Amino acid sequence: MSMFDTRTISRGISRMFSSPQLWLTVFVAIAIFVSFVYVANRFSGIAEDAQDRLVNVRVGSLQDAFAPLSALYVSEPDVLSAYMQDMANANPTIVEFLAVQRLNDAWIITSALDQRQRNTNLVGYDFVLSLALADTSQSFTVEEVIGNERYFRTARAIVTRDGETLGVLLTRQTLSEADRQIAANIAWSFLILFGILLLLLILFFHHARIVDYTELYRRLKEVDQLKDDFVGMVSHELRSPLTIIRGYVAELKDGGVGSQQASNLLQKIDEAANAQNLLIADILDVAKIEQGKLEYEIRDFDPEAVIRSVASGLTPAATAKGLRVSVDVTSGISIRADENRLRQVVTNFVSNAIKYSDTGQISISGISDGSRFILRVSDTGIGLSAEEVKKLFGKFYRVAGDRVRSEVGTGLGLWITKQIVEAMGGTVSVESIQGVGSHFIVALPLSAKKAP
Ligand code: ADP
């Protein structure tokens, strides 16, 4: 079976959703994912800050180092411009490098990387310039965004040894390289995130598959146990009527038995043979159903006669246990089914009702609900718990406990009944309260032409 067998996975997923363990798995998966997103986000934030600070410090110290030189050469703009070019060559992020001096009320560019800027008025540095003039001992940087690019504008006053301000050094640095690197890092972390997501999904599907196998294994073990019980039970059930029969036959062979006693013994032999016959019939039915070889003779008929005949056939057994039997079937209903199979179904329900009731009444009713024929067999017997009801129609299933064990049974009757009813287009259901009684309900299709 392939790792991605979709049926196994989807069965597993639906099982997982009904198990509390799943919620833990889902919670852990979401927690891992969310924490990764959070950490990745924080990291890229921290990295961006660190990068900015680094550029900031670098440009600051660059200017701090350059400022004394500028003080010496501020009056020789060609020399200063050449030094600026050297500096810019070594630091490719510098896009603008200027020295400005005050003339009348304007700030004039005296030295620059771009010679065309020289002797023009300074624009765009007002704020950072005023900071540098307010405190001439250090450099100041402000961030600026032009289009999609970020820049740092930095300013530092050019001061003589005596503290006289000669001018101001200004730089504009692009942060696009740093930003590109950070963007690349973020892209990488998203790729990793996607990978993690993929891994989680694989893990999830794998888990679903295992949950499905675990459930299958559990069920197989259950069925295996039921089969063991069944084999044990069948060999016992097959042997005990034989032992009884052989005992009676031996008695008869010994002779000296009166004709009345002989007829009693023959009657008991007949009953024992019958019991064995029923058991074998059940086993054969199971085999046929499983191989799809059980045949049905579907035709239209009135179910009343079948139900009444089964009821009257089983009434003596009920009366012997002190149970009353009542039958209430609407006359003139026509259903579409197999008559003999319906007999088998009704017999199973009524004989179960008798087997699993000690007092009270067994009521059999049959009505039409307009589209279906509803047969209901109700008893005031031992009843079933909700857990037992769930497993009731399973193969070999018998309720645990001495009360059920004391009755002859294979645990196949209800399974066979359900298969037969469903094959005839009907449904079986049960309503039961433990210790109070059970209602077994069969719904079968009405004949098309006679449906009222
Ligand atoms: P069995 O041969 O054991 O009667 P069935 O398949 O007919 O097998 O029934 C399965 C089990 O369901 C029974 O063993 C019994 O525990 C339970 N059961 C069936 N019918 C009734 C009922 N009317 N009341 C209570 N329990 C029932």
Side-chain angles (χ1 to χ4, degrees), residues 222-223 225-238 240-241 274-290 294 307 310-311 314-315 317-318 321-327 341-365 375-423 427-442:
E222 228 175 76
V223 171
Q225 181 59 43
L226 288 172
K227 266 202 173 130
D228 284 352
D229 292 353
F230 175 72
V231 170
M233 185 273 305
V234 165
S235 35
H236 175 256
E237 295 301 331
L238 283 178
S240 55
N274 255 342
Q276 199 168 29
N277 200 27
L278 283 177
L279 175 62
I280 292 168
D282 265 5
I283 298 169
L284 289 179
D285 270 353
V286 170
K288 275 194 201 157
I289 290 171
E290 281 187 332
L294 199 67
I307 295 168
V310 172
L314 290 171
T315 300
K321 284 185 78 178
L323 300 163
R324 276 167 288 124
V325 178
S326 76
V327 185
R341 295 294 167 205
L342 177 68
R343 182 182 299 278
Q344 190 179 349
V345 167
V346 181
T347 305
N348 188 291
F349 284 139
V350 178
S351 53
N352 273 352
I354 298 170
K355 267 188 343 192
Y356 302 112
S357 302
D358 298 322
T359 53
Q361 165 142 359
I362 290 152
S363 317
I364 307 157
S365 75
L375 169 75
R376 188 179 276 263
V377 178
S378 316
D379 64 52
T380 47
I382 58 173
L384 297 147
S385 70
E387 203 50 43
E388 289 160 359
V389 163
K390 273 195 218 155
K391 299 178 177 169
L392 199 61
F393 292 97
K395 214 192 279 173
F396 308 127
Y397 180 74
R398 304 198 77 204
V399 169
D402 296 342
R403 177 62 189 83
V404 169
R405 295 280 162 225
S406 65
E407 298 291 342
V408 175
T410 57
L412 290 172
L414 286 181
W415 183 82
I416 295 171
T417 300
K418 183 171 189 272
Q419 307 305 311
I420 290 176
V421 170
E422 287 177 355
T427 55
V428 195
S429 56
V430 58
E431 294 160 359
S432 189
I433 300 175
Q434 207 163 23
V436 175
S438 317
H439 294 225
F440 284 85
I441 305 137
V442 173

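Note that these values count all heavy atoms, side chains included, but never hydrogens, waters or copies made by symmetry. Worth saying up front: this structure is predicted, and the values here are computed from it rather than measured. Along the sequence shown, residues are numbered consecutively beginning with 1. Atoms within each ligand, like the ligands themselves, are counted from 1 in listed order.
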Any chance you could lay out the side chain to side chain contact (heavy atoms under 4.5 Å, CB included) test for N352 and F440, step after step, and finish with the verdict? CA-CA 10 Å; N352 273 352; F440 284 85; 5.6 Å; no
Would you mind telling me which of V286, I280, D282 makes a side-chain contact (heavy atoms from CB on, under 4.5 Å) with L284?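 Filter result, single survivor: I280.
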Whether the side chain of T380 engages the backbone of Q361 through a donor-acceptor N/O pair (distance < 3.5 Å, no angle test) should be reported.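 Judged by distance alone, yes, a pair lies under 3.5 Å.
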Please check this pair: side chain of K321 against backbone of S357, looking for a donor-acceptor N/O pair closer than 3.5 Å.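 Yes.
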What residues come within 4.0 Å of ligand 1, counting heavy atoms only?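 Those residues closer than 4.0 Å to ligand 1 by some heavy atom are N348, N352, A353, K355, Y356, D379, I382, G383, L384, L392, Y397, R398, V399, V404, G409, T410, G411, L412, G413, L414, S438, F440.
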Could you tell me the separation between the CZ atom of F393 and the OG atom of S429, rounded to the nearest 0.5 Å?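 One gets 7.0 Å once the value is rounded to the nearest 0.5 Å.
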Under the criterion side chain to side chain contact (heavy atoms under 4.5 Å, CB included), I'd like the reasoning laid out for L294 against Q419: C-alpha separation, chi angles, the key distance, then a yes or no. CA-CA 10 Å; L294 199 67; Q419 307 305 311; over 6 Å; no
